[in-house]
Number of protein chains: 2
Amino acid sequence: MSRFIVGKHFTGILLLIATLGATQAVAADSQATLESLKNKALNDDLSYQIVESLTTEVGARLVGTPAEKRSVEWAVNKMKSLGFDKVWVEESEAQLWQRGDLSASIASPFAHPVAALALGNSVGTQGKTLTAEVVEFADLAALQAAPEGSLEGKIAFVAYKMARHKDGHGYGEAVGARVVGASEAAKKGAVAFIMRSVGTDTNRFAHTGVSRYADGVKKIPAVAISNPDADLLQNTLKRGKPVSFSLTMSASGPTGKTTTIANVIGEVTGASKAAELVTLGAHLDSWDVGTGAIDDGIGVGITLAAGHYISQLQPRPARTLRVILFAAEEIGLYGAKDYVQKHQDEMSQHVIGAEWDFGNGAIYELEPGINEAALPAMREFAESLAPLGVSMANSNTAKGQSDMSALGEAGQPAVNFNPDGSDYFDYHHTRNDTLDKVDKQALKTNTAIYTMFGFFATSTSTDFRPRPAS
Amino acid sequence: MSRFIVGKHFTGILLLIATLGATQAVAADSQATLESLKNKALNDDLSYQIVESLTTEVGARLVGTPAEKRSVEWAVNKMKSLGFDKVWVEESEAQLWQRGDLSASIASPFAHPVAALALGNSVGTQGKTLTAEVVEFADLAALQAAPEGSLEGKIAFVAYKMARHKDGHGYGEAVGARVVGASEAAKKGAVAFIMRSVGTDTNRFAHTGVSRYADGVKKIPAVAISNPDADLLQNTLKRGKPVSFSLTMSASGPTGKTTTIANVIGEVTGASKAAELVTLGAHLDSWDVGTGAIDDGIGVGITLAAGHYISQLQPRPARTLRVILFAAEEIGLYGAKDYVQKHQDEMSQHVIGAEWDFGNGAIYELEPGINEAALPAMREFAESLAPLGVSMANSNTAKGQSDMSALGEAGQPAVNFNPDGSDYFDYHHTRNDTLDKVDKQALKTNTAIYTMFGFFATSTSTDFRPRPAS
């Protein structure tokens with residue numbers, strides 16, 4: 001089967017070869033560039049060095065903290081030093097939430113300290129210690145099925161344990177309780193909501209993540225406890241006697257205040273079709289408990305390294321490569337939504353995009369969401385990834401991971417690169433999200449894949465627009 | 001090869017068969033008891049249930065805490081309910097140390113919170129925050145080689161990383177810094193001592209453990225930081241600019257006060273040679289950060305279950321089985337030393353002993369420390385363990401694990417059962433020492449092995465005394 005065909009551009013001279021009937025010589029030349037980019041990325045540790053720099057020189061960068069501001073400065077400097085042609089910042093506002101302190105324990109019949117974290121947006125206990133009896137529910141549905149008023153004065157505890165899967169779909173099955181559990185419990189009269197962390201590990205620390213209060217429902221503290229502590233609580237409850245739990249926490253709840261956030265954007269200008277944009281995305285913010293290495297330092301490393309490698313090409317590809325480091329992903333895609341709003345006039349020029357926000361594993365699948373007519377070209381590109389262990393999915397519904405889904409909803413075609421996510425939720429939103437968890441070999445391979453994709457998408461004459469209707 | 005020969009006893013009637021020329025019928029009968037005990041233990045979860053009970057109903061039980069007192073009550077009740085004939089408590093005094101609170105951070109050039117724990121015995125920072133420049137050392141020897149006065153006003157940081165080995169010998173290579181590092185640093189003028197945790201995991205929490213101040217040397221704070229934080233600190237130091245570190249901690253240091261500790265002892269009385277003692281040991285105390293499941297809840301579970309199974313035998317074995325749950329092992333074998341002191345008149349009646357204080361892994365080796373004349377009998381017993389994956393070591397130098405080493409020094413022959421300790425130092429002295437880490441299958445097998453050993457040693461006519469000279 002023939003290799004895919006890309007357009008090849010010399011500065012100022014467009015040499016467009018747009019059909020499968022193109023000369024083999026040009027195809028071979030672009031193929032050679034792909035091979036060269038692949039070898040460059042596989043034999044370099046630039047993306048790792050970027051993750052090391054971000055996690056060491058900035059570290060945790062929760063929205064609203066001084067470190068988040070420093071991360072913006074870091075990103076601007078890093079993009080400039082990596083050879084991006086244009087680098088700029090787009091500011092907007094996001095809700096401010098502050099974690100404060102937390103102390104949690106099983107109070108009786110057997111006293112134990114409990115490893116716990118406030119969920120994002122949670123309120124605190126107003127300077128007091130809240131102690132109440134625990135009522136256990138197998139999952140969110142069981143909590144929702146509890147009779148009205150049945151939790152008056154009680155603490156609702158959802159014990160559901162997330163399942164480990166290669167594609168991470170256990171997260172979707174577990175995360176609902178985190179997002180809406182507190183309000184569902186409050187509707188039944190509960191004074192607090194605790195849940196087993198959404199995570200696949202067995203470490204005695206909790207996984208944080210965002211929660212939302214329903215309008216018109218009393219806001220009660222929302223807390224995740226570690227998997228071992230959830231086991232301990234369940235084993236205590238099994239004994240059939242009342243179990244009480246204590247919480248003292250100063251989380252701010254929704255403050256009504258906002259804080260300035262900033263997307264950091266860098267471009268490698270296209271040689272001949274500079275207005276046509278290929279986007280690579282990651283998010284710059286992180287939760288506050290680790291150093292944000294995996295979520296999403298790796299995405300920052302991969303996309304900046306890909307931009308750097310492509311910036312070094314002579315001649316440059318036709319289209320512009322735009323790397324977007326989104327702000328405030330963790331608390332609700334604020335940066336991505338702001339990007340779509342600020343760039344609505346330009347959205348039709350977004351030819352295709354891909355985000356990296358799925359951790360540490362080796363990519364095994366390219367999943368497109370593009371104009372059907374462009375599928376053969378994508379399939380041919382995917383062949384060049386086959387030696388790296390990547391095959392192309394049969395579906396054509398990808399909208400973009402994470403932030404990029406907001407651009408997908410605004411019409412941008414997308415590719416999702418799906419990795420082995422088996423261990424992602426061991427680290428996700430925990431203090432264990434640190435540099436040592438980065439799989440250096442997978443990072444090299446994934447960097448090669450994104451670099452190759454960036455080159456392919458900026459240099460091919462194939463148009464991926466419009467994205468298929470959902 | 002013939003099976004080993006044991007004495008078999010009916011109540012009040014000694015039927016001693018002491019030579020290799022014994023009838024096959026009796027040997028076969030004892031062999032049948034061993035097989036029956038093995039099958040009982042392999043098809044039961046009593047030892048697990050004991051660990052579950054201890055960790056759930058008591059949990060962490062650091063010397064000097066209310067939970068430690070509750071653990072003594074728990075142990076007495078548990079031994080009684082399991083059919084031990086005599087159960088008693090032997091009290092003594094141990095040094096009191098209190099952890100207090102701790103907050104640690106890299107202060108500059110890049111601010112990061114650091115996961116840290118005070119080492120046992122450490123002093124605090126006297127109500128102040130101590131901030132000073134960090135000087136890194138590869139290991140304890142490098143610290144000891146630093147010129148006098150070279151650390152004036154500095155914080156010494158030993159970065160040595162413990163290696164993972166099946167037999168756990170990486171611990172011995174790493175633990176010296178924990179025990180003496182603070183005083184070694186203080187001798188050079190340091191104001192605090194921090195070290196990479198003695199542990200093989202990559203979790204962002206520290207490993208605690210005991211430290212000792214040298215006489216006449218200024219007592220400075222002694223702190224372990226997590227492996228990821230040690231990486232972060234090293235990566236920061238690599239940049240070649242001064243790095244400062246802050247500590248605020250209220251650890252008590254050596255208080256001069258003592259606290260009452262208690263060995264809990266239970267016996268299954270021997271049928272005919274009740275004065276001759278076979279001991280099984282574990283320690284009841286734990287560090288305060290996990291629930292003490294692996295260190296040493298498992299030891300409590302194995303030894304109590306073995307005692308229970310042997311107590312159910314009719315006829316009972318000749319010798320008395322004494323299970324000793326030692327107090328205050330973690331802070332320096334206080335309970336074991338007290339036991340030796342209180343039982344010095346009786347030490348010569350201690351025929352043999354074995355401790356379990358090495359975690360979670362499957363036993364692969366029986367290592368004796370017995371009278372050479374008894375080796376053939378032990379070798380024959382070891383054959384019965386072969387189907388469980390256990391072979392006998394060629395050496396004859398075992399003195400007993402942990403607490404039991406104090407009895408070994410006092411003359412008690414011993415057996416060490418050596419497990420695969422590859423993951424033991426992932427959990428050791430951390431908050432991750434919780435029930436879910438218990439390997440249920442290995443626990444059943446190890447319980448079977450200890451039960452079989454208990455029966456063999458109480459029923460054989462072989463004498464293991466005197467232990468070989470060291």
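The model shown is predicted, which means the values in this text are computed figures rather than measured ones. All chains are named by letter (A, B, ...) in the order of the sequence lines, taking the proteins before the strands, and each is independently numbered beginning at 1.
Each of A:Asp295, A:Val63, A:Thr208, A:Asp288 was checked for a side chain to side chain contact (heavy atoms under 4.5 Å, CB included) with A:Glu330, and the lone residue meeting it is A:Asp295.
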As a quick check of understanding, evaluate side chain to side chain contact (heavy atoms under 4.5 Å, CB included) for A:Trp287 and A:Ile331, giving each step before the final call.
CA-CA 9 Å; A:Trp287 282 104; A:Ile331 61 169; 4.2 Å; yes
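Using a 4.5 Å cut-off between heavy atoms, B:Phe205 contacts chain A through both its backbone and its side chain. When heavy atoms are compared at a cutoff of 4.5 Å, A:Thr55 approaches chain B solely by way of its backbone atoms N, CA, C and O. Residue A:Asp231 touches chain B through its side chain alone, counting heavy-atom pairs closer than 4.5 Å. Contacts of B:Thr434 with chain A are made by side-chain atoms alone, with heavy-atom separations under 4.5 Å and no backbone atom involved. Residue contact with chain A, scored on non-hydrogen atoms closer than 4.5 Å, is absent for B:Ser226.
Using modelled atom types, one side-chain atom of B:Asn227 and one backbone atom of B:Gly199 make a donor-acceptor pair closer than 3.5 Å.
The candidate with the highest count of non-hydrogen atom pairs below 4.5 Å against chain A, out of B:Leu435, B:Asp229, B:Asn203, B:Leu232, is B:Asn203. In terms of non-hydrogen atom pairs under 4.5 Å with chain A, the most contact-rich of B:Thr202, B:Asn235, B:Thr56, B:Asp436 is B:Thr56. With chain B as partner, the option from A:Asp433, A:Leu233, A:Thr291, A:Asp201 having the largest number of non-hydrogen pairs under 4.5 angstrom is A:Thr291.
Using a 3.5 Å distance cut-off with no hydrogens or angles, the side chains of A:Asn432 and A:Thr430 do not pair a donor with an acceptor.
Environment of CD in A:Glu73: sparse, with no more than 12 heavy atoms of neighbouring residues, nucleotides or ligands closer than 6.0 Å.
Using a cut-off of 4.0 Å between Lys/Arg side-chain N and Asp/Glu carboxylate O, B:Lys437 and B:Asp423 are scored as not salt-bridged.
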